[in-house]
Amino acid sequence: MKLSQSFTKPLRQAPNDADSANAAFLIQGGYLDQLAAGIYSFLPLGWRVYRKVEQIIREEMDAIGGQELSMPALHPAAPWKASGRWDDKDVQEVMYQFEDHSGKPYGLGWTHEEIIAAIGKQHIQSYKDLPSAVYQIQAKFRNEPRAKSGLLRGREFIMKDLYSFHRDEKDLDTFYDGMIEAYLKIYQRLGLDAWVVEASGGAFTEYSHEFQVFSDAGEDTVYYTDDRKFAQNEEIFEGKVGDKKGSQTVKAGKAIEVGNIFKLGTRFLEAAKVTYLDKDGKRQTPIMASYGIGPSRAMGTIVETSHDDKGIMWPEAVAPYQVHLLDIGKDNAIKKAAEKLYDELGKAGVEVLYDDRDDSAGVKFNDADLLGIPKRVTVSSKTLEKDSVELKQRDSDKTELIPLKDAVNKLSETR
Ligand code: ATP
Ligand code: MG
């Protein structure tokens with residue numbers, strides 16, 4: 001992509017009401033546009049990053065046997081009334097509920113247990129249909145009273161929610177443990193250091209496991225020991241900082257919840273009257289678990305944990321482009337060399353953003369730092385004197401000269 005032709009250009013200034021690094025850099029960089037508090041458009045650059053995050057999640061959900069589907073965001077009240085959640089005070093705080101023109105009650109999906117249970121009634125009939133696991137990746141709506149911190153807390157945001165169905169607890173426990181591993185793999189691929197944390201179950205169940213990334217931008221407080229054998233959300237932790245756990249000392253830190261998984265038992269399936277015939281021909285209710293992860297919040301978390309005062313530092317796995325090519329100087333030979341390298345890199349399958357605008361070196365370097373693409377490659381009269389280009393990694397101050405003839409090979413390498 002040539003920046004001169006890109007739908008967005010980096011803005012000259014950060015929005016003055018940005019309350020977090022991810023909101024400031026993603027909006028200024030042209031990754032996001034804010035429509036209202038907690039409601040964002042992903043612009044072409046941001047959508048490239050988002051789709052890479054989503055794809056990593058999809059691959060790991062497929063690998064564990066999840067089957068992807070898509071459920072509606074607009075829900076009639078009936079299934080929610082059947083589970084008792086339509087009239088629940090806590091649920092009403094987060095769920096958008098309204099009436100259509102004929103006065104029928106509807107709501108926007110903030111989670112999908114009720115909807116998948118209604119589908120399960122049609123398709124889970126026999127013990128042979130179990131276990132099974134389905135997931136979707138789509139918009140969720142929550143009437144968050146304090147939508148804030150950019151992608152961290154939206155009112156419309158994206159969630160991957162997977163639902164698994166089992167004959168018995170043992171089978172569920174095995175799958176659930178596998179999901180913990182799958183989640184940790186996702187975060188590792190995203191460049192996030194996530195901790196498994198014990199937490200209360202909120203509107204779902206008594207307890208759950210959260211995945212938390214330590215960051216001052218987080219809203220949760222997590223108590224933990226350095227050996228990672230103990231980690232609990234403050235909502236359920238009874239002790240205090242300084243307590244001993246064996247030889248370890250309890251500490252506390254701010255963290256961002258990037259995932260949450262719940263064992264739900266029969267609650268939603270009983271309400272939806274889902275049953276199956278077991279091997280002895282007896283009717284049983286399957287048991288269920290749900291597994292949420294916020295790809296949009298994860299994208300915001302990557303920025304929170306990977307930036308400096310000038311801008312973002314994307315990990316390669318989710319960077320919108322791998323190379324940020326720029327030319328300095330008006331000389332025709334410079335333009336020609338940069339164009340040629342841009343074409344060759346494209347042919348070699350390297351994702352390149354080429355800043356071909358007629359701007360000063362200062363503007364171009366600042367924008368490169370803001371956008372946070374891992375490799376910056378500069379073509380100037382100085383580099384061409386040596387038949388070279390200059391390479392700089394976003395997260396390092398060192399620059400190196402690479403002979404033009406080696407540039408494509410060198411820039412095709414991942415680190
Ligand atoms: P929180 O405690 O932060 O409000 P939650 O516990 O209500 O979140 P879950 O119902 O567990 O959230 O949702 C699963 C995942 O979806 C969360 O772990 C988070 O990654 C993401 N998520 C939840 N709410 C939001 C939101 N308002 N904006 C962006 N992502 C969210
Ligand atoms: Mg949660």
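Note that ligands are numbered from 1 as they come in the structure, with each ligand's atoms numbered from 1 the same way.
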**Report entry** Check: Ile158 N/O within less than 3.5 Å of ligand 1 N/O
**Finding:** no

Query - Side-chain (Arg155) to main-chain (Ala37) donor-acceptor, under 3.5 angstrom - result: yes

Query raised in the report: Side chains of Asn22 and Tyr31: is there a donor and an acceptor less than 3.5 Å apart?
Result: no

Query - Under 3.5 Å donor-acceptor, Ser306 side chain and Met313 backbone - result: yes

Requested in this report: Provide the number and element of each atom of ligand 1 under 4.0 Å from a heavy atom of Val258.
Outcome: 18 (O), 20 (O)

Query raised in the report: If you count the atoms of ligand 1 from 1 in the order shown, which ones are under 4.0 Å from a heavy atom of Glu257?
Result: 2 (O), 5 (P), 6 (O), 8 (O), 11 (O), 12 (O), 17 (C), 18 (O), 19 (C), 20 (O)

Query raised in the report: Of the choices Ser296, Gly154, Gly300, Pro295, which has the non-hydrogen atom that lies closest to atom 28 (N) of ligand 1?
Result: Gly154

Query raised in the report: Out of Thr266, Asp168, Asp278, Thr275, which residue meets the side-chain hydrogen bond (donor to acceptor under 3.5 Å, both in side chains) rule with Gln284?
Result: Asp278

Requested in this report: From atom 31 (C) of ligand 1, work out which of Phe141, Trp110, Phe157 has a heavy atom at the shortest distance.
Outcome: Phe157

**Report entry** Partner of Trp195 by ring pair (Phe, Tyr, Trp, His ring centres under 6.0 Å), out of Phe214, Phe211, Tyr223
**Finding:** Phe214

Query raised in the report: If we ignore angles and hydrogens, is there a donor and acceptor under 3.5 Å between the side chains of Thr221 and Lys254?
Result: yes

Query raised in the report: Any heavy atom of Leu152 sitting closer than 4.0 Å to ligand 1?
Result: yes

Report task. Say whether Gly294, considering both its backbone and side-chain N or O atoms, lies within less than 3.5 Å of an N or O atom on ligand 1. Result -> yes

Requested in this report: Using heavy-atom distances, let me know which of Arg153, Met159, Arg142 sits nearest atom 12 (O) of ligand 1.
Outcome: Arg142

Requested in this report: Indicate, as side chain, backbone, both or neither, the part of Asn260 found under 4.0 angstrom from ligand 1 when only non-hydrogen atoms are considered.
Outcome: both

Report task. Would you give the angle at the Mg ion (ligand 2) between Glu257 atom OE2 and Asn260 atom OD1, to the nearest 10°? Result -> 100°

Report task. May I ask whether Thr111 places a heavy atom under 4.0 Å from ligand 1? Result -> no

Requested in this report: Report yes or no: do Ser200 and Glu235 form a side-chain donor-acceptor pair below 3.5 Å?
Outcome: yes

Query raised in the report: Is the distance between the Mg ion (ligand 2) and the nearest N/O/S atom of Glu210 smaller than 2.8 Å?
Result: no

Contacts table for residues 6-14: side-chain donor-acceptor under 3.5 angstrom, sequence neighbours left out:
{"unit_1": "Ser6", "atom_1": "OG", "unit_2": "Thr8", "atom_2": "N", "d": "3.2"}
{"unit_1": "Ser6", "atom_1": "OG", "unit_2": "Thr8", "atom_2": "O", "d": "2.6"}
{"unit_1": "Lys9", "atom_1": "NZ", "unit_2": "Leu3", "atom_2": "O", "d": "3.4"}
{"unit_1": "Lys9", "atom_1": "NZ", "unit_2": "Ser6", "atom_2": "O", "d": "2.7"}
{"unit_1": "Arg12", "atom_1": "NH2", "unit_2": "Asp367", "atom_2": "OD1", "d": "2.8"}
{"unit_1": "Arg12", "atom_1": "NH2", "unit_2": "Asp367", "atom_2": "OD2", "d": "3.1"}

